[in-house]
Amino acid sequence: MSGFEPRVVAFLCRWCAAAGADLAGTNRLQYPPHAIPIRVNCSGRVEPQWVVEALKAGADGVLIGGCHPGDCHYVVGNYKTRRRVYLLRKVLEEMGIEPERVRLEWVSATEGGRFAQVMAEFVAELKRLGPLHEPGGPG
Amino acid sequence: MPETRARIGVFVCHCGKNIAGTVDVAKVAEQAARIPGVVYATHYEYMCSDPGQALLKRAIREHRLTGVVVAACSPTMHEDTFRKAAEEAGLNPYLVEIANIREQVSWVHSGPAATEKAVRVTRTMVAKVQGNRALRPAELGVVRRALVVGGGIAGIQAALDIANAGFDVILVERSPSIGGHMAQLSETFPTLDCSQCILTPKMVEVARHPRIRILAYSEVEEVSGFVGNYRVRIRKKPTFVDPSKCNLCGECARVCPVRVPNEFDRGLSTRTAIYIPFPQAIPSTYTLDVQNCLGILPLRCGKCAEVCEAKAIDFDMHEEILEEEVGAIVLATGYELYPKEAMAEYGYGTVPDVIDGLEFERLLSASGPTRGEIRRPSDGKVPKEVVFIQCSGSRDPEHHKPYCSKICCMYTAKHALLYRHAVPDGQAYVFYIDIRAGGKDYEEFVNRAMQEERILYIRGKVAKVFREGDKVVVWGVDTLTGKRVEVRADLVVLAQAVVPSPGTAELARKLRVACGSEGFLREAHPKLRPLEALTAGVFLAGAAQGPKDIPESVAQASGAAAKVIALLSAPKLAHAPEVAEVNEELCSGCGICAPQCPYGAISVDEVAHVNEILCEGCGTCVAACPSGAMTFRNVEDEQVLRMVRAALEVADVGV
Ligand SMILES: Cc1cc2nc3c(=O)[nH]c(=O)nc-3n(C[C@H](O)[C@H](O)[C@H](O)COP(=O)(O)OP(=O)(O)OC[C@H]3O[C@@H](n4cnc5c(N)ncnc54)[C@H](O)[C@@H]3O)c2cc1C
Ligand code: SF4
Ligand code: SF4
Ligand code: FES
């Protein structure tokens, strides 16, 4: 799949994952530029429908970044997310879409390094999976 | 549709070379200008500077902008700055969004890909702004009264500061008296002034203060509400003594037949079932500890009531539940020492002449069980050789607590010095890992102890402590010489790790305040917001937030009080308007959303209602609603989907 550059949307909780992404920046940690971040208040705000729409609109993968279990700014939002993502991945699988294309990661505000690493890993994984859409498909 | 009328302005910041060194800012502006609805796009060296803000304001007026995107640093840096500037130019601040092209683009990527991502990020935020509505923060009133939980020196200081600023304070203390651990101390480092002598006047001031209401022998049962408007349920246990009648004659305690370990002396003496914890106690009254009372019925005992001439003893007293409203809460629940059972290797809890630092304070105290003479618990002998072990349970991630308890180096030096004064022919040994004395005059104080004759500081760890005859044998290694050391001591004093007060986690849960991994109350930011919890309107003071000595506890308490005073002085509080909202036409009233809300902000009758003030804006309910009825202001589903499409658009980004 040489030359394939996946398109990615990353929904990042503002308290942890987005702050971790900012820290990666402050520390000048380089990582692949494929993901376009969309900041949300809490990973619990992320709706399965958004993820599905993103995949329909041309994304090869969607990342959801939230706070570590027990650390959600709103106490339990991330537990709800975990459950929703679990169900969503099952549905995707039934539709013939690799569930690995939707990734949920816990990244704290102090884990800049982890954020960069997650991004690198996810992009590598998507490269391995190849494009979700036919060339000239949606988008 | 908003986008037909939309007149968006895009401002791309160079941030000197921080952005412009990597991202082609002119290109980003040029690309933004092509987005339908964008009527103005430019780039500028420093958008946050005064001229940058002036540029923004001018453009808003001249181009009659209905929305603004500033492509710059993280929104955590300057979102406020630009929103305020926009407001000054007449644009609703909630129509301003930041595209983060520094932390999440220029600092982490390079080459044309960086510019491409900057274009996409900017587009995404333009898509968002096109769907934003003008919002106004909700305003709410403030109950001008504070609650302080915990009546140690930190709680006392906070209560006094707040009350002296003219606000009413409710001070809830779990035990029968305020004072906390400071009341148990003998003399205090580094000045060696008597603890009780400096504490008592403050306690009296609290008792006399017309604006402070002390609720001793009480605990917080439940907390609801939100900043400025908390409702608190307080459970006040019955003391069975009417403080307004009790004249402190003490006759009751003289006739009480019960003897139980005295908590104030940490079990080194006994007390009766009806007792006063210490003579200077505030509230100044006796308390009947019903758990240990033989029975308040005359048939069972009832001797105390018989002898009380003041008729202060009231066996009919009941537990009371008080409901109070407060605007702000200070948590000052202090600390406890690491429990005895946990230190089996040091014989603590099994060898009677192994005691902890607070027990030693009681032995040193002129009002303690030995009237200030150092006598060991087992046989009352004056110990001629005393071993002090620092870091007992601290800085030991494998077996005990990983952190430094901070105060032990100082109080051990104090203990060694005070012991030497009390027992001139005694010999003290101090085992330490290293000395941490980072405070004003602290290093000098420890040096005094180290240089004192007959105080021997041994650098090393103690491996074992055990009893042999009437001696307590201490085995350790002197890590400076590598030699094994054995001391046959008469008394061993452990500087036990400082841990949070029992019940801290439970209280934190009631208030939705976080605890750190070691159980201390967690501050909102370790550096920049050390006095407040993340829950708005809740502040932290003293050792409840982490090990602290008295000066630090007092300083933090005064700081927390200043924050409370500022909060209670505000004419109105503003609450962010970016919260959940119900579309009543779509809502089926199924009620799925309500239990999802961690703040109890949703009530459901025919349809759901969100209490705008209680809603903290997590959006969990929105994602849960099966009918699409629950929405989120300025993060509507439709908006997000438009953002997603903008992010992914294949259309040429021009790089
Ligand atoms: C052996 C020893 C010697 C020391 N010597 C010195 C010294 O010489 N100089 C010095 O500066 N510092 C010294 N310290 C430290 C000092 O004790 C603390 O800095 C100080 O007591 C902290 O005050 P605080 O109010 O935060 O906590 P505390 O003194 O622990 O007070 C907390 C109060 O809150 C109450 N409380 C707890 N939980 C609840 C609840 N859920 N509801 C209601 N009330 C509650 C408790 O009953 C208590 O009254 C020493 C400590 C030790 C262990
Ligand atoms: S989940 Fe949706 S439909 Fe059900 S009550 Fe809540 S807002 Fe109404
Ligand atoms: S957004 Fe969160 S806090 Fe607000 S009502 Fe919904 S669940 Fe509760
Ligand atoms: S706030 Fe980060 S996941 Fe809830």
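In this text the structure is predicted, and so the values were computed from the model without any measurement. Proteins come first, then strands; the chains are lettered A, B, ... in the order of their sequence lines, and each starts at number 1. All values below come from the heavy atoms of this structure, side chains included, with hydrogens, waters and symmetry mates left out.
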Enquirer: Of the backbone (N, CA, C, O) and the side chain (C-beta and beyond), which part of B:N18 lies under 4.5 Å from a heavy atom of chain A, both, or neither?
Expert: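 Looking at B:N18, just its side chain touches chain A.
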Enquirer: Please name all residues satisfying side-chain contact (heavy atoms from CB on, under 4.5 Å) with B:A536, sequence neighbours left out, ordered by chain then number.
Expert: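 B:A536 satisfies side-chain contact (heavy atoms from CB on, under 4.5 Å) with B:V227 once adjacent residues are dropped.
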Enquirer: Where on B:R102 is there a heavy atom nearer than 4.5 Å to chain A: the side chain, the backbone, both, or neither?
Expert: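 B:R102 has no heavy atom closer than 4.5 Å to chain A.
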Enquirer: Heavy-atom cut-off 4.5 Å, strictly under: side chain, backbone, both or neither for A:F11 against chain B?
Expert: side chain
Enquirer: Is chain B contacted by the side chain of A:A109, its backbone, both, or neither, given a heavy-atom distance below 4.5 Å?
Expert: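 For A:A109, no heavy atom lies under 4.5 Å from chain B.
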Enquirer: May I ask you to say whether A:E5 pairs ionically with A:K127, meaning some side-chain N is under 4.0 Å from a carboxylate O?
Expert: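 Result for this pair is yes, salt bridge flagged.
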Enquirer: Under a 3.5 Å threshold, yes or no: a donor from one side chain and an acceptor from the other, between B:T22 and B:S106?
Expert: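 The answer is no; no qualifying pair exists.
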Enquirer: Top residue by heavy-atom pair count (under 4.5 Å) with chain B, among A:N41, A:N27, A:V9?
Expert: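 Going by pairs under 4.5 Å, I would pick A:N41.
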Enquirer: I need the residue from A:R39, A:H34, A:E53 with the largest number of non-hydrogen atom pairs under 4.5 Å to chain B.
Expert: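 Greatest number of close heavy-atom pairs with chain B: A:R39.
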Enquirer: Indicate yes or no: does B:R123 engage B:E649 in a salt bridge with an N to O separation below 4.0 Å.
Expert: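 So B:R123 pairs with B:E649 through a salt bridge.
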Enquirer: Between A:V62 and chain B, with a heavy-atom cut-off of 4.5 Å, which part of the residue counts as in contact: side chain, backbone, both or neither?
Expert: neither
Enquirer: Are the ring centres of A:Y31 and A:F122 closer than 6.0 Å?
Expert: no
Enquirer: How long is the gap from OG1 on B:T535 to OH on B:Y599, to the nearest 0.5 Å?
Expert: 7.0 Å
Enquirer: I'd like to know which of A:P33, A:C42, A:A18 tops the heavy-atom pair count under 4.5 Å against chain B.
Expert: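 Of the options given, most contacts go to A:P33.
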Enquirer: Using a cut-off of under 4.5 Å for heavy-atom pairs, which of B:V640, B:V644, B:V105, B:L641 has the most such pairs with chain A?
Expert: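 Most heavy-atom pairs within the cutoff with chain A belong to B:V640.
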Enquirer: Quiz question: by atom type and distance under 3.5 Å, do the side chains of A:H68 and A:E111 form a donor-acceptor pair?
Expert: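 Yes - a donor-acceptor pair under 3.5 Å links their side chains.
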Enquirer: Sort out for me which of B:K128, B:E103, B:H109, B:Q104 touches chain A most, counting heavy-atom pairs under 4.5 Å.
Expert: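 Ranked by contacts with chain A, first place is B:H109.
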Enquirer: Counting only heavy atoms closer than 4.5 Å, note whether B:D637 contacts chain A via side chain, backbone, both or neither.
Expert: both
Enquirer: Scan for disulfide bond (SG atoms under 2.5 Å apart) pairs involving residues 48-134 of chain A, sequence neighbours excluded, and state none if there are none.
Expert: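 Pairs touching residues 48-134 of chain A that pass the test: A:C16-A:C67.
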